[in-house]
Amino acid sequence: MRLGYDFFQRDVLTVAPALLGAYLVRVYNNQKLVCKIVETEAYRGPEDKGCHAYRNKRTKRTEALFLPGGHAYIYMIYGMYYMLNIVTAQQDQPQAVLIRAAEPREGIETMRNLSGHTGNFERLLSGPGKLCRALAIDRTFNGYNLVEGTELFIELGETVPENQIVHSKRINIDYAEEYKDKLWRYYLSDNPCVSRIDNK
DNA sequence: TCTACGATTTACT
DNA sequence: GTAAATCGTAGAA
């Protein structure tokens with residue numbers, strides 16, 4: 001069952017942990033690529049100094065963050081990687097969940113070919129840049145409707161017990177001052193596919 | 001226009 | 001532990 005607007009149009013701090021265990025589906029050349037989300041981070045503008053839309057900063061890049069929950073926000077980082085975010089809450093509330101890592105489920109060979117990854121299965125989607133590469137997600141999906149679209153969407157997946165969800169500090173946002181210490185990163189404990197397990 | 005740099009990954013000392 | 005790859009965007013000039 002696909003997740004709908006009612007799921008995404010809630011506060012990002014509710015949606016980010018709720019996405020753990022859900023299935024991210026990418027239909028690429030008529031082939032279904034499926035993976036289970038195991039790591040997310042919440043970005044909560046306008047208050048969040050780590051969020052691109054801090055203080056409601058509205059630019060060409062951040063425009064998609066202001067869409068209603070259920071759309072995608074994609075941007076390029078370091079000149080070579082795309083990041084996949086799920087916009088949450090109501091229109092004009094710039095919040096999004098960064099999908100940081102997932103566990104491959106279907107179409108693994110295609111994912112390997114797309115990413116050129118030769119390592120082991122657990123590392124194929126273990127990072128936001130790698131995940132986008134292996135699923136052929138680029139900026140054409142910026143602003144994409146994940147509720148009604150057919151090439152990229154999210155399905156109800158496995159139910160995750162509360163006690164398996166680890167809360168930690170977000171990665172690589174040292175510029176965010178007091179917000180860098182917020183425990184807005186969520187991942188499944190003991191899952192070998194998360195990007196890293198250190199850090200609090 | 002011009003410049004600096006990032007919600008990363010990988011390889012290397 | 002540190003550094004390089006690589007480019008669109010934001011903010012300054």
Side-chain angles (χ1 to χ4, degrees), chain A residues 8 11-13 15-17 19-20 24 35 37-67 69 71-89 93-104 111-144 146 166-187 192-200:
Chain A
F8 298 112
D11 191 275
V12 70
L13 297 182
V15 178
L19 278 171
L20 295 177
L24 174 64
C35 56
I37 297 170
V38 301
E39 178 178 345
T40 61
E41 277 180 8
Y43 286 84
R44 196 165 188 263
E47 58 154 302
D48 181 3
K49 291 180 179 174
C51 182
H52 290 160
Y54 173 54
R55 295 198 318 219
N56 279 313
K57 188 169 69 170
R58 199 159 184 154
T59 65
K60 187 173 182 180
R61 178 174 68 159
T62 64
E63 196 58 39
L65 278 170
F66 293 83
L67 291 170
H71 290 76
Y73 168 51
I74 312 244
Y75 65 93
M76 171 168 270
I77 190 69
Y78 299 110
M80 60 190 95
Y81 297 106
Y82 292 103
M83 302 280 116
L84 168 63
N85 295 254
I86 313 297
V87 177
T88 67
Q93 289 185 264
Q95 310 183 343
V97 179
L98 171 65
I99 307 299
R100 286 194 55 89
E103 182 181 305
M111 294 181 198
R112 277 195 206 282
N113 291 338
L114 282 166
S115 67
H117 192 265
T118 54
N120 59 349
F121 161 88
E122 289 84 1
R123 302 282 87 194
L124 183 55
L125 304 175
S126 63
K130 296 160 74 177
L131 184 146
C132 284
R133 218 176 31 181
L135 296 178
I137 293 170
D138 61 22
R139 76 160 10 99
T140 63
F141 283 102
N142 191 38
Y144 192 82
L146 298 166
V166 179
H167 298 231
S168 82
K169 294 182 185 177
R170 293 175 292 177
I171 308 288
N172 285 341
I173 52 160
D174 291 343
Y175 54 83
E177 300 176 33
E178 75 271 24
Y179 279 86
K180 75 176 162 58
D181 294 325
K182 295 283 182 186
L183 300 180
W184 289 354
R185 172 176 177 241
Y186 310 91
Y187 62 90
C193 299
V194 300
S195 62
R196 39 172 114 167
I197 55 172
D198 54 319
N199 161 287
K200 260 207 183 66

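Residue numbering restarts at 1 for every chain, and letters A, B, ... go by the order of the sequence lines.
No donor-acceptor pair closer than 3.5 Å links the side chain of Ser195(A) to the backbone N or O of Pro128(A).
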* According to the Watson-Crick and G-U wobble definition with distances under 3.5 Å, which dot-bracket string, read 5' to 3', encodes DNA chain C, using [ ] for crossing pairs and | for pairs with another strand? -> |||||.||||||.
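Each salt bridge (Lys or Arg N to Asp or Glu O under 4.0 Å) pair with one or both residues in residues 118-140 of chain A, not counting sequence neighbours, would appear here, but there are none. The salt bridge (Lys or Arg N to Asp or Glu O under 4.0 Å) analysis of residues 41-50 of chain A, with sequence neighbours excluded, yields the pairs Asp11(A)-Arg44(A), Glu41(A)-Arg100(A), Arg44(A)-Glu47(A), Asp48(A)-Arg170(A), Lys49(A)-Glu177(A), Lys49(A)-Glu178(A).
Put simply, chain A comes within 4.0 Å of DNA chain C, heavy atom to any atom, from dA5(C) to dG11(C), going 5' to 3'. From the 5' end on, the contacts that DNA chain B makes with chain A at under 4.0 Å to a non-hydrogen atom open and close at dG6(B) to dT10(B).
In terms of the ring pair (Phe, Tyr, Trp, His ring centres under 6.0 Å) criterion, Tyr43(A) has no residue partners (sequence neighbours excluded). Residues forming a salt bridge (Lys or Arg N to Asp or Glu O under 4.0 Å) with Arg112(A) (at least two apart in sequence, or on another chain): Glu109(A). Taking His117(A) as the reference, nothing meets the side-chain hydrogen bond (donor to acceptor under 3.5 Å, both in side chains) condition, with sequence neighbours excluded. Residues satisfying the ring pair (Phe, Tyr, Trp, His ring centres under 6.0 Å) test with Phe66(A), not counting sequence neighbours, are none.
Between Glu39(A) and the options Ile197(A), Leu19(A), Ile99(A), Val194(A), a side-chain contact (heavy atoms from CB on, under 4.5 Å) holds for only Val194(A).
Ala96(A) and Leu65(A) make their closest contact through CB-CD2, 3.5 Å (heavy atoms, listed as atom of the first residue, atom of the second, distance).
Annotation: side chain of Leu125(A) is not in contact with side chain of Cys193(A) (no heavy-atom distance under 4.5 Å). Using a 4.5 Å cut-off on side-chain heavy atoms (C-beta onward), Leu98(A) and Leu84(A) make no contact. Between Tyr75(A) and Asn142(A), the closest side-chain pair of non-hydrogen atoms is not below 4.5 Å. Using a 4.5 Å heavy-atom threshold, the side chains of Ile173(A) and Tyr175(A) count as touching. At least one side-chain heavy atom of Leu135(A) sits less than 4.5 Å from a side-chain heavy atom of Cys35(A). Put simply, the side chain of Lys169(A) reaches to within 4.5 Å of the side chain of Leu183(A), judged on heavy atoms.
The separation of dA3(C) from dC5(B), taken at their C1' atoms, amounts to 15 Å, rounded to a whole angstrom.
Looking at residues 73-89 of chain A, you'll see Tyr78(A), Gly79(A), Met80(A) sit with a heavy atom under 4.0 Å from some atom of DNA chain C. Using a 4.0 Å cut-off on heavy atoms, the residues of residues 46-66 of chain A that approach DNA chain C are Lys57(A), Thr59(A), Arg61(A), listed by number. Near DNA chain B, defined here as any heavy-atom distance below 4.0 Å, the residues from residues 125-143 of chain A are Gly127(A), Pro128(A), Gly129(A), Lys130(A), Arg133(A), listed numerically.
Residue Ile173(A) is in sugar-phosphate contact alone, with no base atom involved, counting any heavy-atom pair closer than 4.0 Å across all strands shown.
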* Candidate pair Ile137(A) and Tyr82(A), rule side-chain contact (heavy atoms from CB on, under 4.5 Å), full reasoning -> CA-CA 7 Å; Ile137(A) 293 170; Tyr82(A) 292 103; 5.6 Å; no
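Residues His167(A) and Tyr186(A) bring their aromatic ring centres within 6.0 Å.
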